[in-house]
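My questions all concern the structure below.
In this text, all values refer to a predicted model and were calculated from it rather than measured experimentally. For this chain, numbers begin at 1 and follow the sequence in order.
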Amino acid sequence: LKRNGFLELDTLVSLVENGYNQFAYVPDAGYYHHHVKGLADFLIKRKRNLIKVFLPDEEKRKFRWVDLSSLSGKLKILMWIIYSESLILPFVNGVLRSIKYRNLVGLYEPVVAWLETNLLIISLLRESKGRKFLLKILKI
């Protein structure tokens, strides 16, 4: 098994590439994934992951949420930005989620989507690697 040193999704890709394709939840395995305790923690974690994890090894990553080399991948990113900046679309989605799950957590959707998206955009623009990354994906 090759060790790749990336995030958990890259590790899963490596496991599958090496023939491991059955996974199970083992509650007593001894590993714990620390979750965020609030909105500030969430935003700090997102920025840290972008700057310290994603950008330095972006070209070496095995797992990609979106294929940024394709036009359809770039359109997905553009649609996400439009979605989050509109505020009304995340609000409607949040109301529907709150109704579906019978709690008010979905009402955080517009605020979280807007803050996360803008934090990532600003962080990309502030970092030289981020600007290089943006220039690379803006080439159609």
Side-chain angles (χ1 to χ4, degrees):
L1 177 64
K2 293 183 291 185
R3 175 99 168 100
N4 59 29
F6 297 127
L7 294 175
E8 62 274 3
L9 295 174
D10 289 320
T11 301
L12 287 173
V13 171
S14 287
L15 287 169
V16 171
E17 286 175 348
N18 285 281
Y20 300 96
N21 59 8
Q22 295 181 353
F23 303 95
Y25 171 68
V26 182
D28 297 327
Y31 288 97
Y32 181 77
H33 181 88
H34 294 278
H35 293 277
V36 297
K37 294 181 175 122
L39 182 58
D41 274 357
F42 172 76
L43 294 172
I44 289 167
K45 184 177 180 179
R46 282 289 192 253
K47 182 178 179 184
R48 181 202 68 220
N49 286 348
L50 175 70
I51 304 300
K52 297 194 183 238
V53 179
F54 176 77
L55 284 176
D57 293 317
E58 180 265 326
E59 292 184 5
K60 299 176 193 172
R61 299 290 311 231
K62 291 178 175 270
F63 179 82
R64 299 192 182 276
W65 286 104
V66 177
D67 178 10
L68 294 173
S69 65
S70 73
L71 181 58
S72 65
K74 293 173 186 179
L75 288 174
K76 284 181 185 178
I77 296 295
L78 178 62
M79 294 307 294
W80 172 258
I81 292 170
I82 291 169
Y83 169 83
S84 65
E85 296 296 329
S86 74
L87 294 178
I88 192 73
L89 296 172
F91 176 75
V92 170
N93 192 38
V95 168
L96 294 175
R97 283 185 184 180
S98 289
I99 292 168
K100 179 179 179 179
Y101 296 110
R102 298 174 188 235
N103 64 42
L104 298 176
V105 173
L107 298 180
Y108 288 112
E109 175 79 14
V111 174
V112 173
W114 188 86
L115 285 172
E116 178 185 19
T117 300
N118 286 288
L119 171 78
L120 293 175
I121 290 169
I122 290 167
S123 297
L124 283 169
L125 291 171
R126 283 187 172 171
E127 295 287 322
S128 64
K129 285 184 182 180
R131 290 188 298 271
K132 288 176 187 173
F133 174 75
L134 287 173
L135 288 173
K136 184 174 80 173
I137 66 169
L138 287 174
K139 294 178 185 173
I140 296 178

Q: Return the minimal non-hydrogen interatomic distance between Asp67 and Ser70, and the atom names on each side.
A: O-OG, 3.0 Å
Q: Any chance you could measure Arg126, atom CZ, to Leu124, atom CG, to the nearest 0.5 Å?
A: 12.0 Å
Q: Determine whether Leu125 and Ile51 fall in the same hydrophobic cluster, where Ile, Leu, Val, Met, Phe, Trp and Tyr are linked whenever their side-chain heavy atoms lie under 4.5 Å apart.
A: yes
Q | Distance-minimising heavy-atom pair for Leu68 and Phe133 | A | CD1-CZ, 3.2 Å
Q) Under 4.5 Å between any side-chain heavy atoms of Ile121 and Ile81, yes or no? A) yes
Q) Between Gly73 and Val66, which heavy-atom pair has the shortest distance, and what is it? A) O-CG1, 3.2 Å
Q) Under 4.5 Å between side-chain heavy atoms, hopping through other hydrophobics if needed: is there a path connecting Leu96 to Tyr101? A) no
Q) Say you draw a straight line from CD1 of Ile82 to OG1 of Thr117; how long is it, rounded to the nearest 0.5 Å? A) 11.5 Å
Q) Under a single-linkage definition using a 4.5 Å side-chain heavy-atom cutoff for Ile, Leu, Val, Met, Phe, Trp and Tyr, are Leu39 and Val36 assigned to the same hydrophobic cluster? A) yes
Q.
Can you give me the closest heavy-atom contact between Ser84 and Ala113, atom names plus distance?
A. CB-O, 3.6 Å
Q. Which pair of heavy atoms, one from Leu50 and one from Pro56, lies closest together, and at what distance?
A. O-CD, 4.3 Å
**Q.** Lys45 side, atom NZ; Leu43 side, atom CG - distance, nearest 0.5 Å
**A.** 12.5 Å
Q: Quick one: pull up CD in Glu127 and NZ in Lys132 and give me the separation to the nearest 0.5 Å.
A: 11.5 Å
Q.
Do Ile44 and Leu120 land in one hydrophobic cluster if side-chain heavy atoms of ILVMFWY residues count as linked below 4.5 Å?
A. no
(Q) How long is the straight-line distance from NZ of Lys74 back to NZ of Lys139, given to the nearest 0.5 Å? (A) 9.5 Å
Q. What is the distance from atom CG of Asn49 to atom OG of Ser123, rounded to the nearest 0.5 Å?
A. 11.5 Å
Q: May I ask you to test the Glu85-Trp114 pair for a side-chain heavy-atom distance under 4.5 Å?
A: yes
Q. If two hydrophobic side chains count as joined below 4.5 Å and joins carry through other members, does Val95 share a cluster with Val112?
A. no
Q.
Is any side-chain heavy atom of Asn93 closer than 4.5 Å to one of Tyr83?
A. yes
